[in-house]
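All remarks here apply to the structure that follows.
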Amino acid sequence: MTTVEHGAYTVTLYDGQDANGVAGIVGMLLGQNLDNFPSRIKFARRISRPVTIYSTDTASACTIVFGTDEAVVYNDIVGKPSVTVMATVDQILEVSQLPMKAGGLIPVGFFTSRGMSVLGEILKHKLIVKGLLTHTVTALRTIALVSVVES
């Protein structure tokens with residue numbers, strides 16, 4: 001288990017050195033963003049549902065479980081995630097470039113050319129977000145947390 005502390009909130013890669021590529025990328029994005037944008041910690045604490053990110057090109061996944069003091073990134077699908085994102089690594093990195101306001105509640109990044117491209121991939125079912133309609137806030141807040149763009 002690898003733990004990286006970010007102020008009053010930590011990001012833990014549950015499988016540490018054995019973390020798969022997706023878990024490593026997601027853990028790194030979360031960790032760096034919480035360091036660079038400490039105001040996002042309050043949004044991480046508000047996510048009460050697990051989120052899974054599945055890489056279609058590497059056939060590997062990770063599940064993020066957010067808590068009040070830490071986020072734990074597990075290899076594979078753990079439990080019953082409320083939101084599951086199925087995308088290529090490139091699509092995941094594209095999503096991480098979308099600016100989001102108000103902790104994801106104002107998805108301004110979707111109104112950019114990059115965002116329109118991401119929406120097009122969703123509409124063509126090349127990027128799948130299960131739970132987007134039933135757990136919209138969780139999906140948008142997760143995007144805001146992995147976004148490397150200052151909001």
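The chain is numbered in sequence order, starting from 1. Note that these values count all heavy atoms, side chains included, but never hydrogens, waters or copies made by symmetry.
Under 3.5 Å, the side chains of Asp90 and Thr88 contain no donor-acceptor pair of N or O atoms.
Side-chain heavy atoms closer than 4.5 Å link hydrophobic residues (I, L, V, M, F, W, Y) into clusters, and following such links, possibly through other members, connects Val148 to Leu93. There is no path of hydrophobic side-chain contacts, each under 4.5 Å, that joins Met100 to Val108. Side-chain heavy atoms closer than 4.5 Å link hydrophobic residues (I, L, V, M, F, W, Y) into clusters, and following such links, even through other members, never connects Val26 to Met28. A single hydrophobic cluster is seen to contain both Val118 and Met116, as judged by linkage of ILVMFWY side chains at heavy-atom distances under 4.5 Å, directly or through other members. Linking Ile, Leu, Val, Met, Phe, Trp and Tyr residues whenever their side-chain heavy atoms come within less than 4.5 Å leaves Val129 and Val137 in two separate clusters.
The minimum heavy-atom distance linking Ser147 with Asn33 is given by the pair O-ND2, 3.0 Å. Nearest heavy-atom pair across Ala19 and Gly24 is CB-N, 4.5 Å. In this structure, Gly27 and Leu13 approach most closely via the heavy-atom pair CA-CD2, 3.9 Å.
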**Item:** Residues Leu145, Ile47; criterion side-chain contact (heavy atoms from CB on, under 4.5 Å); working and verdict
**Value:** CA-CA 10 Å; Leu145 288 172; Ile47 298 175; 3.5 Å; yes
**Prompt:** What do the steps show when you test Arg141 against Leu105 for side-chain contact (heavy atoms from CB on, under 4.5 Å), and what is the final call?
**Reply:** CA-CA 7 Å; Arg141 282 195 170 144; Leu105 299 180; 3.8 Å; yes
**side-chain contact (heavy atoms from CB on, under 4.5 Å) assessment of Val72 paired with Glu70** = CA-CA 6 Å; Val72 180; Glu70 73 174 335; 3.7 Å; yes
**Request:** Before giving the answer on side-chain contact (heavy atoms from CB on, under 4.5 Å), spell out for Leu98 and Val149 the whole-Å C-alpha distance, their side-chain angles and the decisive distance to 0.1 Å.
**Result:** CA-CA 7 Å; Leu98 299 177; Val149 182; over 6 Å; no
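Atom OG1 of Thr142 sits about 11.5 Å away from atom CZ of Arg49, to the nearest 0.5 Å. Here the CD1 atom belonging to Ile77 is positioned 6.0 Å from the OG1 atom belonging to Thr84, to the nearest 0.5 angstrom. Atom NE2 of His135 and atom CG of Leu140 lie 13.0 Å apart (nearest 0.5 Å). For the atom pair CD1 (Ile128) and CD (Glu121), the distance works out to 11.0 Å, reported to the nearest 0.5 Å.
Partners of Arg114 according to the side-chain hydrogen bond (donor to acceptor under 3.5 Å, both in side chains) rule, which considers only residues two or more places apart in sequence or in another chain, are Glu94.
A donor-acceptor pair is defined here as one N or O able to donate and one able to accept, closer than 3.5 Å; such a pair exists between the side chain of Asn75 and the backbone of Asn20. In terms of modelled atom types and a separation under 3.5 Å, the side chain of Asp69 and the main chain of Thr10 share no donor-acceptor contact. Thr136 contributes a side-chain N or O that, together with a main-chain N or O of Leu132, makes up a donor-acceptor pair within less than 3.5 Å. Checked by atom type and distance alone, the side chain of Ser117 never pairs as donor or acceptor with a backbone atom of Ser113 at under 3.5 Å.
Arg40 forms no cation-pi arrangement with Phe43, by the criterion of a distance under 6.0 Å to the ring centre and an angle within 45° of the ring axis.
The side-chain heavy atoms of Ser55 and Val89, taken from C-beta on, include a pair separated by under 4.5 Å.
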Please output the side-chain donor-acceptor pairs of residues 60-68 that fall under 3.5 Å, not counting sequence neighbours, one pair per line with the distance.
{"unit_1": "Ser60", "atom_1": "OG", "unit_2": "Thr58", "atom_2": "OG1", "d": "2.8"}
{"unit_1": "Thr63", "atom_1": "OG1", "unit_2": "Thr52", "atom_2": "OG1", "d": "2.9"}
{"unit_1": "Thr63", "atom_1": "OG1", "unit_2": "Asp76", "atom_2": "O", "d": "2.9"}
{"unit_1": "Thr63", "atom_1": "OG1", "unit_2": "Val78", "atom_2": "N", "d": "3.0"}

